[in-house]
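As structure tokens, the structure follows; a few thoughts come after it.
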Amino acid sequence: MDTTPQDLLVVALEAGAGPPPEQGELSLALAGAELIDLLDIRAVQLDDTRILPGGPTAVADGLLAQAAAAVVGRPPFETVEDWLWRRGRQLAAAYAAALAATLGSASGTAPGTGGPARRPRFHRANEAQPGGPIPTDSAGRRAAMDRWESREPVLTALAAAVGVEGLPPGRQPDITDDDVATVLAAVNDAVQELDAVRQRRAIEEAAFANIWRGGAG
């Protein structure tokens, strides 16, 4: 079963012209992609920005099933924002490892045993490099890239959140579902917040380094 998070991971690693995505931002976007898929199969529903469990639903994908099981099932229900930060913790690493295993099996090539492949890489050097090599010629990758090349609105919006632009400047994906729009807005807000926190930390570290050098001199 191809899922939106799987497709987003492939697009984030394959389609961007710049450096690989930050792992933190990608993890937040993957959590949002999971929530959108859960909405689509009615495993959850939104009440304003709160996530309510839906009816019983069989979920074939392992990580998406974990996401469904992680939904808070009683009041006070979790907000979309809280879900992104909680579920998104290290999620990029989990999806990279799962995708490497899945695509390696589907292509008939065990990870690391030969054949065209690329290893998932994220921008931050101090983050773990998860998963094994991902075969570049596989049904899963082709499906994800087909969805990307058609500029499917949800995938395009999620990719843009992690810095992979698929539309001309000023043009926005046509999102008609209010619940999906709510999730996408929360993803963008969370990504911006994480970037702001990272910038503040860099400024504080630089200021401390200057004070330390001044005192040492």
Output a table of donor-acceptor pairs, distance under 3.5 Å, between side-chain atoms of residues 187-196 and any protein atom two or more places apart or on a different chain; print 'none' if there are none.
| unit_1 | atom_1 | unit_2 | atom_2 | d |
| --- | --- | --- | --- | --- |
| N188 | ND2 | L184 | O | 3.1 |
| D195 | OD2 | Q199 | NE2 | 2.7 |

V154/L158 under side chain to side chain contact (heavy atoms under 4.5 Å, CB included): CA gap, chis, key distance, verdict: CA-CA 6 Å; V154 170; L158 288 166; 3.9 Å; yes
Derivation and outcome, side chain to side chain contact (heavy atoms under 4.5 Å, CB included), residues V10 and M145: CA-CA 8 Å; V10 171; M145 295 308 294; 4.1 Å; yes
T4/R147 under side chain to side chain contact (heavy atoms under 4.5 Å, CB included): CA gap, chis, key distance, verdict: CA-CA 10 Å; T4 299; R147 186 177 175 187; 3.2 Å; yes
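For residues 24-33, every residue pair satisfying the salt bridge (Lys or Arg N to Asp or Glu O under 4.0 Å) rule, not counting sequence neighbours, is listed here: E25-R198. A side chain to side chain donor-acceptor pair (under 3.5 Å) check over residues 78-89, counting only residues at least two apart or in different chains, returns the pairs E34-R87, E78-R86, T79-D82. The list of side chain to side chain donor-acceptor pair (under 3.5 Å) pairs with a residue in residues 160-175, not counting sequence neighbours, is empty. Each salt bridge (Lys or Arg N to Asp or Glu O under 4.0 Å) pair with one or both residues in residues 39-57, not counting sequence neighbours, would appear here, but there are none.
A pairwise comparison of heavy atoms in A65 and V59 identifies N-CG1, 3.5 Å as the closest pair. Across all their heavy atoms, D2 and G140 have their closest contact at OD1-CA, 4.1 Å. Listed here is the closest heavy atom pair of A29 and V162: CB-CG1, 3.7 Å. Taking all atoms of both residues into account, the shortest heavy-atom contact from A144 to D7 is CB-OD1, 3.4 Å. Pairing each heavy atom of A186 with each of V80, the nearest pair is CB-CG1, 3.5 Å. Across all their heavy atoms, L63 and A94 have their closest contact at CD1-O, 3.8 Å.
Side-chain contact between Q6 and L9 is absent, with no heavy atoms from C-beta onward closer than 4.5 Å. Contact check for I51 versus V72: no side-chain heavy atoms found under the 4.5 Å cut-off.
Partners of P153 under the side-chain contact (heavy atoms from CB on, under 4.5 Å) rule, at least two apart in sequence or in another chain, are P173, I175. Evaluation of the side-chain hydrogen bond (donor to acceptor under 3.5 Å, both in side chains) rule for S27 yields no partner, not counting sequence neighbours. Under the side-chain contact (heavy atoms from CB on, under 4.5 Å) criterion, D146 pairs with E149, not counting sequence neighbours. With sequence neighbours excluded, the residues that form a side-chain contact (heavy atoms from CB on, under 4.5 Å) with A159 are L8, V11, W148, V164.
A donor and an acceptor atom, one from each side chain of Q45 and D179, are nowhere located under 3.5 Å apart.
Alongside F77, the hydrophobic cluster contains L52 (criterion: ILVMFWY side chains under 4.5 Å).
Residues L35 and I41 share a hydrophobic cluster, clusters being chains of Ile/Leu/Val/Met/Phe/Trp/Tyr side chains in contact below 4.5 Å.
Although no hydrogens or angles enter the test, the distance criterion places no donor-acceptor pair under 3.5 Å between the side chain of D37 and the main chain of T3.
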